[in-house]
Enquirer: 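Before we start, here is the structure in question, set down as structure tokens.
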Amino acid sequence: MVVVCPRSAYLFLQNLDTMTVVTRFAPSPTGFLHIGGARTALFNWLFARHHGGKFLLRIEDTDRARSTDDAVDAIYDGLKWLGLNWDEDAISQFSRVERHREVVETLLAQGNAYRCYCTREELAQMREQAQAEGRKWQYDGRWRDRDPSEAPPGVDPVVRLKAPRDGETVIFDHVQGEVRVANDQLDDMVLMRDDGTPTYMLAVVVDDHDMDITHIIRGDDHLTNAFRQAQIFLAMGWHIPEFAHIPLIHGPDGAKMSKRHGALGVDAYRDQGFLPEAMRNYLLRLGWAYGDEEVISTEQAIEWFSLENIGRSAARFDFAKLTHLNGLYIRSADDAYLVETIRPLMEKSRNEALNEGQIALLVRAMSGLKERAKDIQELADSAMFFVSPRPLSYTEKAMNLLDEDGLTHLRRLRDEFSALGDWKSDRIETHIREYADAGDPPIKLGKVAQPLRAALSGSTVSPPIFEVMALLGKEETLGRMDDALGTH
RNA sequence: GCCCCCAUCGUCUAGUGGCCUAGGACGCUGGCCUCUCACGCCGGAAACAGGGGUUCGAGUCCCCUUGGGGGCGCCA
């Protein structure tokens, strides 16, 4: 017997443009939303949006012992931060147990499933023995055709699928292509536990069917599950969704991205200063490509996304590239948006709220600031001096610039500045250049600009100093210069 | 162990038998720009895992080896 899961029969009748594509992201709430899950969600979201279909969210919480509400919230937060909005309400898989049981009953009644009275101990023993003999462990189906009247007393049975034993099962995966496995490699999986709760394998199939999922896009660690799930779909006589098993993401060292191996929740990336749009772009390019395109807006991603362009090999996570992309997005981001983004970080580190005037100043300063930041934490730090109260504290390097020579220039310039009427960046620059040129011998601009930078920003790095002076305003500039002169 | 998947610069990738003296990006690196730091610009080093086929012709197709990954739960 050959069980074939073809590219959906109805796909030949109606094409993707006219059918409603429905995808889903189905994480289990046992921890944060990690990077691999985020990419899976992104791909599902893009595919649905590309086809004008629906992207649903289902929380796979049938394992009551390991599911937590905090984890569910972390998943919601992560998806929201990434901008991956889902359609309709999220579905709790656990809330559907009655329906799952109903399907198990149907399978039982049809003779496609049976009760197995093996105890866990018995199973453990069989597994051990198989291992000792170097055999592959597989449930031998001993209760497959046994009469239930032989059931030992006091044992709550599990329900297993009566899976085909001969032939093979083949699926056509949109990423992996045609994959086939001999049915004798697949044993009779448990559909319902001895406590009457459905297993993941059963629940996924029932839910995907009931939710009218057309395309299952998920990590390729589920590839072998696809065969087992296909058998359930077939047993129920249900239409089988399209599959697309995407390669996993590995850590920078090539090892599996796991929680103890550098895998972080998306919240950690947010906290490290990455912009969601940069994250989306990076994740998209990890395993998917559109020619030589590197910087891809979300609109473009939706337009270009297709399953066929997904690569087949695992990718390593590269912080450097993410960081570079993040810098790109920061530079092209809206000034007010960036100020809003760094605002909480700044208020936290200065332990004081920013007032309206300060916000406005930061918005005006942003074009110079964002040019030199790779992440928003850095951006927040670099913006700090604009709103720091006098007198500023200086970094050690800044101190060194405020030496005798530096202070001499500051002193002279300070007097000249107070006479300067038009406090505009280019006017200030002209003035200082003239001052430097007038020296005998002429002074290098840096000799003047750096002490100014130190006095005005407290550090050795800042946006163009003439711009900073204009932004700060004449009064504040002179005040900060006085501070520097007074302290030394 | 068994089953399945994968394999182009350090990393992400383009490449669908001739357009490949293998392209782009990150990183690295030489230079330019320059008031600092960045950005930007110009240049450089850097890859088809190995071996067999198929073909007039292979990075592209097939097989084997090697290497990586995943799965083999009353977890999801």
Side-chain angles (χ1 to χ4, degrees), chain A residues 26-30 60-63 65-67 93 116 118-120 123-124 127 130-131 133-139 156-160 173 175-177 179-182 184-187 189-195 197-201 203-204 219-225 227 245 247-248 250 252 254-256 282 285-295 311-325 327-328 331 368-374 382 397 401 429 432-433 436 444-454 457 459-466:
Chain A
S28 56
T30 54
E60 312 239 306
D61 51 0
T62 53
D63 184 348
R66 298 205 301 173
S67 300
Q93 188 159 63
C116 165
C118 288
T119 62
R120 292 171 192 250
L123 253 16
R127 200 171 288 136
Q131 194 166 27
E133 293 170 15
R135 295 189 345 256
K136 170 193 173 68
W137 151 250
Q138 232 176 300
Y139 172 65
D156 292 323
V158 299
V159 175
R160 288 182 184 270
D173 190 278
V175 174
Q176 311 291 344
V179 188
R180 47 181 70 221
V181 72
D184 63 13
Q185 294 298 323
L186 274 14
D187 62 4
M189 77 197 104
V190 173
L191 302 176
M192 197 158 75
R193 305 185 180 95
D194 58 12
D195 65 358
T197 60
T199 60
Y200 158 80
M201 212 58 86
V204 189
D220 72 9
D221 49 337
H222 284 283
L223 186 57
T224 29
N225 289 338
F227 294 101
H245 288 93
L248 268 16
H250 290 175
K256 162 159 80 160
Y282 178 72
R285 283 290 287 105
L286 214 50
W288 181 88
Y290 191 81
D292 283 340
E293 299 292 341
E294 293 286 349
V295 181
R312 277 161 298 277
S313 54
R316 295 190 191 197
F317 193 86
D318 182 9
F319 263 97
K321 192 156 182 176
L322 205 211
T323 301
H324 171 261
L325 229 26
L328 239 43
R331 270 174 261 143
L369 253 17
K370 68 184 180 186
E371 204 64 37
R372 22 189 71 71
K374 309 187 299 298
S382 70
K397 284 179 182 170
L401 288 171
E429 176 166 358
I432 294 178
R433 283 188 187 279
K444 288 183 74 173
L445 192 55
K447 286 287 178 197
V448 185
Q450 279 307 84
L452 265 172
R453 192 182 314 278
S457 75
S459 82
T460 57
V461 178
S462 85
I465 200 61
F466 313 119

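Remember, predicted model here, so these are calculated numbers, not experimental data. When reading the values below, keep in mind they use all heavy atoms of this one structure, side chains included, and skip hydrogens, waters and symmetry mates.
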Enquirer: Using a cut-off of 4.0 Å between protein heavy atoms and nucleotide atoms, how would you tag nucleotides 30-46 of chain B 5' to 3' with B, S and -?
Expert: -----BBBBSS------
Enquirer: For the residue pair Y200(A) and H222(A), categorise the inter-ring angle as parallel (less than 30°), tilted (30 to 60°) or perpendicular (more than 60°).
Expert: tilted
Enquirer: What pairs with T199(A) under side chain to side chain donor-acceptor pair (under 3.5 Å), at least two apart in sequence or on another chain?
Expert: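 Side chain to side chain donor-acceptor pair (under 3.5 Å) check on T199(A) returns nothing, list empty.
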Enquirer: Less than 6.0 Å separating the ring centroids of F317(A) and Y282(A)?
Expert: yes
Enquirer: Taking N and O atoms by type only, does the side chain of N225(A) place a donor or acceptor under 3.5 Å from a partner on the base of A76(B)?
Expert: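 Side chain to base: pair present.
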Enquirer: Reading nucleotides 4-13 of chain B from the 5' end, what letters show protein touch, with B for base, S for backbone sugar-phosphate only, - for no heavy atom under 4.0 Å?
Expert: SSSS---SBS
Enquirer: Taking salt bridge (Lys or Arg N to Asp or Glu O under 4.0 Å) as the test, write out the residues that go with R331(A), two or more places apart.
Expert: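 In terms of salt bridge (Lys or Arg N to Asp or Glu O under 4.0 Å), with neighbours along the sequence ignored, R331(A) is linked to no residue.
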Enquirer: Distance only, no hydrogens: is a donor on one side chain within 3.5 Å (strictly under) of an acceptor on the other, for R66(A) and T30(A)?
Expert: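 Per modelled atom types, R66(A) and T30(A) side chains form no pair under 3.5 Å.
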Enquirer: Pick base, sugar-phosphate or nothing for D63(A), based on heavy-atom distances below 4.0 Å to the nucleic acid.
Expert: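 Sugar-phosphate, backbone atoms only, no base.
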Enquirer: Between T119(A) and D221(A), just flag the one whose closest nucleotide in RNA chain B comes earlier from the 5' side.
Expert: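 Its nucleotide being nearer the 5' end, the pick is D221(A).
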Enquirer: By nearest heavy atom, map Q185(A) and L123(A) onto RNA chain B; which one lands nearer the 5' end?
Expert: Q185(A)
Enquirer: Taking the same atom, P, in G50(B) and in A22(B), what whole-Å distance lies between them?
Expert: 15 Å
Enquirer: Salt bridge between D194(A) and R120(A), side-chain N to carboxylate O under 4.0 Å?
Expert: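 Yes, this pair counts.
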Enquirer: Are W137(A) and G73(B) close enough that a side-chain N or O sits under 4.0 Å from OP1 or OP2?
Expert: yes
Enquirer: List for me each residue that meets ring pair (Phe, Tyr, Trp, His ring centres under 6.0 Å) alongside Y290(A), sequence neighbours excluded, and say none if there are none.
Expert: W304(A)
Enquirer: Is V190(A) close to Y139(A) at the side-chain level, that is, under 4.5 Å between some pair of heavy atoms?
Expert: no
Enquirer: Would you please confirm or rule out a distance under 4.0 Å between OP1 or OP2 of C74(B) and any side-chain N or O of R127(A)?
Expert: yes
Enquirer: For V190(A), answer base if it contacts any base atom (sugar-phosphate contacts may also be present), sugar-phosphate if it contacts only those atoms, and nothing otherwise; contact means non-hydrogen atoms under 4.0 Å.
Expert: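 Answer is sugar-phosphate: V190(A) comes under 4.0 Å of backbone atoms only.
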Enquirer: Just to confirm, is there a sub-4.0 Å distance from OP1 or OP2 of A76(B) to any side-chain nitrogen or oxygen of T62(A)?
Expert: yes
Enquirer: Just to verify, what does R433(A) make a salt bridge (Lys or Arg N to Asp or Glu O under 4.0 Å) with, not counting sequence neighbours?
Expert: E429(A)
Enquirer: Using atom C1' in both nucleotides, what's the gap between A58(B) and G53(B) to the nearest angstrom?
Expert: 12 Å
Enquirer: Counting Watson-Crick and G-U wobble pairs only, both distances under 3.5 Å, name the nucleotide matched with A25(B), or none.
Expert: U11(B)
